[in-house]
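Remarks on the structure that follows.
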2 protein chains.
Amino acid sequence: MGDVTVAENIDAGRATLLRFVERFALVLRESGMQPMPARVFAYALADDADRYTAAELAEGLQVSPAAISGAVRQLVQIGFLVREREPGTRSDLYVLDDAHLWTRFVTAEVQALQRFQDVVAAGIEQLGAGRPGGRRLVETREFLAFLHEVLADAVVRWPEERERRRRG
Amino acid sequence: MGDVTVAENIDAGRATLLRFVERFALVLRESGMQPMPARVFAYALADDADRYTAAELAEGLQVSPAAISGAVRQLVQIGFLVREREPGTRSDLYVLDDAHLWTRFVTAEVQALQRFQDVVAAGIEQLGAGRPGGRRLVETREFLAFLHEVLADAVVRWPEERERRRRG
DNA sequence: AATGAACTTCACACTTTCGTGAATCGTCTG
DNA sequence: CAGACGATTCACGAAAGTGTGAAGTTCATT
């Protein structure tokens with residue numbers, strides 16, 4: 001390690017972690033997630049703790065408690081984080097539910113797909129299905145329904161797939 | 001239709017169409033697409049023409065040609081629109097390739113998933129797979145690989161599914 | 001060559017979004 | 001019940017994103 005002190009190595013590790021968090025969050029943002037929730041999620045995933053207090057997240061990400069508050073609220077609502085409270089403590093604990101984490105991810109995708117379908121269905125109703133544009137909308141609806149099935153199937157299959165991959 | 005003139009009905013139809021376009025574009029934006037590309041795509045899908053000139057898109061959406069220019073470029077790059085040129089004409093024609101349209105959509109999703117995997121893989125390399133956080137990243141990578149397979153399979157199956165749904 | 005039409009590029013103004021800091025609220029502890 | 005700690009809300013300033021108008025470029029036609 002040469003002349004690098006332990007403290008500097010820790011800092012270097014933190015910096016590497018934060019760079020990864022930022023990159024990962026960027027990809028999540030491209031999928032529609034907001035910046036701060038994306039960062040918090042990436043951080044909670046990649047850092048080593050099992051549970052995080054809001055203060056830890058703020059300190060670790062170098063952002064204000066206010067930013068954490070809004071981010072975790074959304075993440076809890078989506079189901080990416082679970083809020084816990086240790087008896088005799090005043091601070092909330094946030095933990096990402098390993099077992100069902102990616103199941104929840106797909107579930108969220110499926111719900112987004114549902115909103116998609118609703119909008120298209122309403123459009124078909126209002127604009128008519130007979131016109132050329134309407135026919136395209138009908139096909140769109142069918143495709144979305146298909147994709148819906150595919151993802152719903154995937155979320156069911158993931159647990160066993162997970163197990164299978166753990167060995168092979 | 002009472003005392004409503006034909007012209008007013010046309011306008012009403014246009015207004016209904018544009019409202020739908022805006023709603024549909026909003027959902028697309030929530031999935032990460034930029035506003036103007038989302039509008040152009042929604043418009044080209046829902047309106048009745050098979051091919052559109054840039055001028056038609058600008059007129060139909062009530063936006064500037066400059067906005068169309070940027071939007072179609074991105075849409076062509078993704079593969080949602082195909083640029084054509086009628087011999088003896090000066091204007092480009094944009095057509096959405098009905099047959100492979102939603103195939104391209106999933107293909108784009110798969111590519112996004114690939115970027116996801118790349119970022120996570122790089123993170124595992126830099127941060128290590130032995131730590132608790134690293135183990136979560138490894139599982140994330142496995143899940144993304146699984147989802148990748150699922151979507152790749154879906155894109156292959158869609159054409160026959162499409163045919164099957166067209167009858168049943 | 002020159003004209004003109006369509007497409008593109010670019011700087012700007014406008015809007016929206018984002019994170020912070022301060023104040024407020026609620027709740028547990030001593 | 002007082003004190004305090006943590007979480008939340010809100011207004012504000014900064015930053016990013018978005019579409020327009022005008023200038024520039026390309027290319028077919030005359």
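What you see is a predicted model; the values in this text were computed from it and never measured. Basis for what follows: all heavy atoms, side chains included, without hydrogens, waters or symmetry-related copies. A, B, ... follow the sequence lines: proteins, then strands. Residue 1 opens every chain.
- Near-neighbour residues of DNA chain D inside residues 48-76 of chain B, defined by a heavy atom below 4.0 Å, number-ordered: B:V63, B:S64, B:A66, B:A67.
- At least one donor-acceptor pair closer than 3.5 Å links the side chain of B:R104 to the backbone N or O of B:G79.
- Residues B:R83 and B:Y94 bring a donor and an acceptor atom of their side chains to less than 3.5 Å of each other.
- B:Y43 places no side-chain N or O within donor-acceptor distance of the main-chain N or O of B:V21, the cut-off being under 3.5 Å.
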Using distance only, find each side-chain donor-acceptor pair of residues 55-66 of chain B under 3.5 Å and give its atom names and separation, not counting sequence neighbours.
from: B:E56; atom 1: OE1; to: B:T53; atom 2: N; distance (Å): 3.0
from: B:Q62; atom 1: NE2; to: B:E59; atom 2: O; distance (Å): 3.0
from: B:S64; atom 1: OG; to: B:A67; atom 2: N; distance (Å): 3.3

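- The stretch residues 86-93 of chain A touches DNA chain C through A:G88, A:R90, each having a heavy atom within less than 4.0 Å of the strand.
- For A:A129, the side-chain contact (heavy atoms from CB on, under 4.5 Å) partners at least two apart in sequence or on another chain are A:I124, A:V138.
- Under the salt bridge (charged side-chain N to carboxylate O under 4.0 Å, His left out) criterion, the residue pairs touching residues 122-135 of chain A are A:R131-B:D48, with sequence neighbours excluded.
- Applying the side-chain hydrogen bond (donor to acceptor under 3.5 Å, both in side chains) test to pairs two or more places apart or on separate chains, those with a residue in residues 155-164 of chain B are A:E139-B:R162, B:D153-B:R157, B:E161-B:R164, B:E161-B:R165.
- Across all strands, B:R83 comes closer than 4.0 Å only to sugar-phosphate atoms, never to a base (heavy-atom distances).
- For the side-chain hydrogen bond (donor to acceptor under 3.5 Å, both in side chains) condition, no pair includes a residue of residues 65-74 of chain A, sequence neighbours left out.
- Residue pairs meeting the ring pair (Phe, Tyr, Trp, His ring centres under 6.0 Å) criterion with at least one partner in residues 106-125 of chain B, sequence neighbours excluded, are A:F24-B:F116.
- A donor-acceptor pair is defined here as one N or O able to donate and one able to accept, closer than 3.5 Å; such a pair exists between the side chain of A:R85 and the backbone of A:R90.
- Close approach of DNA chain C to chain A, defined as any atom under 4.0 Å from a non-hydrogen atom of the protein, starts and stops at C:dC18 to C:dT29.
- Listed by first and then second residue, the ring pair (Phe, Tyr, Trp, His ring centres under 6.0 Å) pairs that reach into residues 53-92 of chain A are A:F41-A:F80, sequence neighbours excluded.
- For residues 18-34 of chain B, every residue pair satisfying the side-chain hydrogen bond (donor to acceptor under 3.5 Å, both in side chains) rule, not counting sequence neighbours, is listed here: A:Q126-B:R23, B:E22-B:R39.
- Residues from residues 20-45 of chain B with heavy atoms under 4.0 angstrom of DNA chain D, sorted by number: B:P35, B:M36, B:R39.
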